[in-house]
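Read through the structure below, which is laid out as structure tokens, and then see the notes.
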Amino acid sequence: MPEPFRLFAPPPVITEKLLLVDSDNLHLALSTAQVKQVLLNVPVRKQGAGKAAGLVDFQDMQVPVVLGNHACPALPEAIVVLFQTPALKTGMIGIACSKLPLMSAITASDWLPTTDTLPPPWQTDGKAYVYQDITYIHAVGIGRN
């Protein structure tokens with residue numbers, strides 16, 4: 001007679017850990033391997049005269065910040081996710097969040113194929129993850145405009 005715990009299938013193997021980011025109307029699933037840090041309640045300021053993008057100070061760098069599908073306005077305080085990317089001179093872009101990002105550990109079967117795309121400069125790989133009826137598009141990087 002088999003032992004009781006052998007009657008059940010083993011749980012699926014977790015293949016990836018994601019950070020689920022809500023930024024205005026943009027919902028991103030970011031691999032935790034690409035997320036450098038989450039900065040809580042940090043000021044975001046305008047980049048300069050005539051430029052719409054915002055900046056956040058991080059260590060000895062000034063990291064460009066986006067909010068949703070638009071350049072980030074100056075905010076008194078924000079949650080900023082620092083996303084690593086070789087496409088930028090600083091190597092990072094900040095994503096200003098409308099709420100604290102969520103962590104999720106998923107299996108390969110949790111990914112859903114999607115034809116939804118993200119606005120430039122975001123790059124995707126055709127995968128999405130659905131959590132609480134929100135579809136988070138898998139962002140794998142950004143490209144130069």
Side-chain angles (χ1 to χ4, degrees), residues 4-5 8-145:
F5 65 87
F8 302 100
V13 177
I14 290 173
T15 57
E16 193 159 4
K17 292 182 182 174
L18 300 175
L19 200 64
L20 306 178
V21 177
D22 292 298
S23 179
D24 193 26
N25 56 347
L26 190 67
H27 305 289
L28 303 173
L30 305 176
S31 169
T32 55
Q34 291 176 290
V35 175
K36 176 79 175 175
Q37 195 169 342
V38 176
L39 306 176
L40 300 175
N41 303 321
V42 294
V44 176
R45 57 187 167 71
K46 289 287 187 189
Q47 187 168 342
K51 298 200 176 182
L55 291 172
V56 65
D57 293 318
F58 176 72
Q59 296 172 354
D60 59 348
M61 292 181 287
Q62 293 182 335
V63 178
V65 178
V66 297
L67 171 65
N69 294 343
H70 310 286
C72 193
L75 300 171
E77 60 182 34
I79 299 166
V80 177
V81 176
L82 296 179
F83 180 71
Q84 295 176 322
T85 175
L88 292 177
K89 189 171 147 183
T90 61
M92 288 190 288
I93 188 168
I95 305 154
C97 303
S98 48
K99 58 186 177 184
L100 194 64
L102 298 170
M103 290 274 308
S104 187
I106 68 167
T107 67
S109 63
D110 292 322
W111 286 116
L112 299 174
T114 183
T115 55
D116 291 342
T117 59
L118 296 172
W122 298 103
Q123 295 177 337
T124 63
D125 61 357
K127 296 191 301 189
Y129 176 67
V130 176
Y131 179 76
Q132 293 184 346
D133 296 328
I134 297 175
T135 300
Y136 292 86
I137 308 290
H138 188 216
V140 295
I142 64 167
R144 291 190 176 109
N145 283 350

- At their closest point, which heavy atom of Leu82 faces which heavy atom of Gly94, and how far apart are they? CD2-CA, 4.0 Å
- Task: Scan residues 56-82 for pairs that pass salt bridge (charged side-chain N to carboxylate O under 4.0 Å, His left out), counting only residues two or more places apart or in two chains.
- Result: Arg45-Asp57
- Task: Quick one: closest heavy-atom pair of Val56 and Pro43, and the distance?
- Result: CG2-O, 3.7 Å
- Query: With a 4.5 Å heavy-atom cut-off, do Met103 and Leu19 have their side chains touching?
  - Reply: yes
- Task: Determine yes or no for a side-chain-to-main-chain donor-acceptor pair under 3.5 angstrom, with Ser98 supplying the side chain and Asp22 the backbone.
- Result: yes
- Item | Worked check of side chain to side chain contact (heavy atoms under 4.5 Å, CB included) between Val81 and Cys97 | CA-CA 7 Å; Val81 176; Cys97 303; 3.6 Å; yes
- Message: Between Thr90 (side chain only) and Val63 (backbone N and O only), is there a donor and an acceptor less than 3.5 Å apart?
- Response: no
- By side-chain contact (heavy atoms from CB on, under 4.5 Å), Asp110 pairs with (sequence neighbours left out) Ile106, Thr107, Tyr129
- Message: Side chains of Leu26 and Pro119, heavy atoms from C-beta outward: is any pair under 4.5 Å?
- Response: yes
- Quick one: CG on Asn25 to CG on Asn69, what's the gap to the nearest 0.5 Å? 4.5 Å
- Between Leu88 and Phe83, is a side chain to side chain contact (heavy atoms under 4.5 Å, CB included) present by the stated rule, with each step listed? CA-CA 11 Å; Leu88 292 177; Phe83 180 71; over 6 Å; no
- Query: Which atom names give the shortest non-hydrogen contact between Ala96 and Leu75, and what distance separates them?
  - Reply: CB-CD1, 4.4 Å
- Sorted by chain and number, sequence neighbours left out, side chain to side chain donor-acceptor pair (under 3.5 Å) with Asp24 holds for none
- To the nearest 0.5 Å, how far apart are CD in Gln47 and CG in Leu55? 4.5 Å
- Atom CG of Asp116 and atom OG1 of Thr124: how far apart are they, to the nearest 0.5 Å? 9.0 Å
- So, do Pro73 and Lys46 sit near enough that their side-chain heavy atoms are less than 4.5 Å apart? yes
- With sequence neighbours excluded, tell me which residues meet side-chain contact (heavy atoms from CB on, under 4.5 Å) with Ala128. Thr114, Thr135, Ile137
- Is a side-chain donor or acceptor of Gln34 paired with a backbone partner of Thr85 at a separation under 3.5 angstrom? no
- Note on the structure: OG of Ser104 to NZ of Lys17, rounded to nearest 0.5 Å, is 11.0 Å
- Note on the structure: So CG of Leu39 and CD1 of Ile79: to nearest 0.5 Å the spacing works out to 10.5 Å
- Message: Nearest 0.5 angstrom please: His138 NE2 to Glu16 CD, how far?
- Response: 5.0 Å
- Might you confirm whether atom NZ of Lys36 has over 12 heavy atoms from other residues, nucleotides or ligands at distances under 6.0 Å? no
- Give every residue pair that meets the ring pair (Phe, Tyr, Trp, His ring centres under 6.0 Å) criterion with at least one member in residues 14-36, sequence neighbours excluded. His27-Tyr136
- Minimum heavy-atom distance Gly68-Ser23, with the two atoms named: N-OG, 2.6 Å
- With Val66 via side-chain contact (heavy atoms from CB on, under 4.5 Å) - residues at least two apart: Ile93, Ile95, Trp122
